[in-house]
Amino acid sequence: MFETAALAWRAASAIFFFFQPSRHQVSSLPRPKPHADQTLLSLLQRCSSMKRLKQLHGQLITNDLLSRAPTLGKLIAFCCVSDGGDLRYGRRVFDLVPRPNTFMWNSLIRGYSYSRDPREALVLHRRMLRCGLLPNQFTLPFVLKSCASELASTEASVVHALIFKLGFESQVFVANALLSAYSSCGFIGLARKVFDDIPNRNVVSWNSIISGYAQAGDCVEAFNMFRAMTNSNVESDGFTLVSLLTACAQAGNLGLGRVAHHYIVITGVSVDLIAANALLDMYGKCGELFVAKKCFNRMALRNVVSWTSMVCAFAKHGLLDVARSWFDQMPERNVVSWNAMISCYVQHGLSREGLDLYTHMQSSRVIPDEVTLVAVLLACSQTGDLVTGKEIHEYITERITKPSVTLFNSLVDMYAKCGSVDIALDIFRVMPEKTVVSWNVIIGAFAIHGCAFDAIELFRQMISEGFSPDTITFTRLLCACSHGGLLEVGKYYFEAMSIDYKVPYKIEHYACMVDLLGRGGQIEQAVELIRSMPMKPDIVIWGALLGACRIHGNMKTGEEVMKQLLELESDSNAERAKSREYHLHDSVTFCLVELENKCHVTCNLEHMFSDST
């Protein structure tokens, strides 16, 4: 059917553009019957399936109505917008139109904004502008929706300028979409400015700014906006309450969460399933597991989200067995449920259990998404399971059309930690998009394998390509210098990170430098650096210095370090003794014992220094 339509359209185009008939020839050509156009247009408006639409498409071809813009526009709109439509079919029809009108462009952009590939809506918007067509107030909200989905802040700024140019800044629907785009991209300050300039705010405007503050983790300001909303006599709805509860859940602010709960009880506002799940999730994430379970039991209607929230609540607070029990009792599970339980295992260091559960997920014929794959790749990294890691890589290659940068980063990290640093670099090189995290991963990959010069060269490439290093970048760079014995290079970058790159020092940077100085035999400089630290040194820093004393036979300083270790107080509240071993430089082992909230270090100094040369 579609191939017939394509051939007919090309044939009609060839007749029009190449033969160029004269006026009397045109008048002699048979014209479609006027009533046929109106009948097909009416049928398209009532169309409910792609099967019926293809039949109507054939009628358009038969009656030579493909040149009628209103009818063809309705056909494209059904494909792109209707629940029973087919976006790919609509795109193929659209691509055959020589000069699509604004309605056709809007339908296609809207369709892609709700699809799995919202970036294509941004591409289409640029094409529309190049064709000389200006967007209208129906185009821009869907373009901005795609900006929000793709976190495309640059494109959002361009659309913002276009809004002013076209005079749409007073259109509340356009302004709301712009506000939402800025909020999603993390620019809550710009979102607030847009909100303040909206002349006639509606409930969507208020919900959008409240949701923006919730996404930013600022639950206090979210509640301030809610108070201003009530003072403006704008009635809140379910979305408002969900945003407030989500903000409290993300920030772990139990006090404000209870305020929202009390508001629901006092006002008697109707609570639907979404709001009930948000309330349950808030109590779970804030550690009120008893109250969360109470909310769950009182729910008249539950869904998979309700059950998943309970699983996450118990898992977050270390009750993995209870979480697994709830997971096993779930009447139904979706990919989010599986992801929650797998991620819980991996985040608590039980990677093998996470991989076993992934195998169970596959046998249940649940299709994994990117969240699943990222969690499984992390488990492979922790266990060194290169075989499973390669299977995941093959799955991504075969099934994921456009892997996200996060998934690429996880692949690079997995190969690096499983020892295949060359494959990690190959994947890094072909990544279509890189972030600072991507560079941090590959620099860290070479650092842990002792390839200091390669790590430094990658850092230089990172700078040359316009990326700004962060604290993690310098931690891994200094670690590479330490493992490679590059004392002077490490000193240079330690100074440069504060002076040239304006990156503040963290305790991990001091730990790397103490380790680097200690390995280089500059014990006194390491001690002076520790004394100059603006924060209290922790066990990692003292341990690095102790390892250096062991290597270089500096027993006097080693004894002083041992005294510092003995004075450290444990942060644990456990009453029973816990023993941990710390290995430094592959040559030093000391044991930390926690007893009655006190930290005790045991180490045989005589044995430590007896074989020093």
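This chain uses plain numbering: 1 for the first residue, then up along the sequence.
- Counting all heavy atoms, side chain and backbone alike, Phe296 lies closest to Arg302 at O-NE, 2.8 Å.
- Counting heavy atoms from C-beta on, the side chains of Leu355 and Val346 never come closer than 4.5 Å.
- Within the structure, the salt bridge (charged side-chain N to carboxylate O under 4.0 Å, His left out) test picks out no pair touching residues 359-377 (sequence neighbours left out).
- In the model, Thr308 has a side-chain atom that pairs as donor or acceptor with a side-chain atom of Ser337 under 3.5 Å.
- Atom CG of Asn200 has 12 or fewer neighbouring heavy atoms from other residues, nucleotides or ligands inside a 6.0 Å radius.
- In this structure the side chain of Val159 never reaches within 4.5 angstrom of the side chain of Leu178, judged on heavy atoms.
- The neighbour count for Ile274 CD1, taken as heavy atoms of other residues, nucleotides or ligands under 6.0 Å away, does not exceed 12.
- With no hydrogens or angles considered, a side-chain donor-acceptor pair links Tyr213 and Arg192 at under 3.5 Å.
- Side-chain N/O atoms of Asp413 and Ser410 include no donor and acceptor closer than 3.5 Å.
- Ring centroids of Tyr358 and Trp338 are separated by 6.0 Å or more, keeping the two rings apart.
- Trp307 places none of its side-chain heavy atoms less than 4.5 Å from the side chain of Phe327.
- Within the 4.5 Å cutoff, side-chain heavy atoms of Asn176 are placed close to those of Val172.
- Leu386 and Cys418 make their closest contact through CD1-CB, 3.8 Å (heavy atoms, listed as atom of the first residue, atom of the second, distance).
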Could you check Thr359 against Asp356 for side-chain hydrogen bond (donor to acceptor under 3.5 Å, both in side chains), going step by step and ending with a plain yes or no? CA-CA 5 Å; Thr359 303; Asp356 291 342; 5.2 Å; no
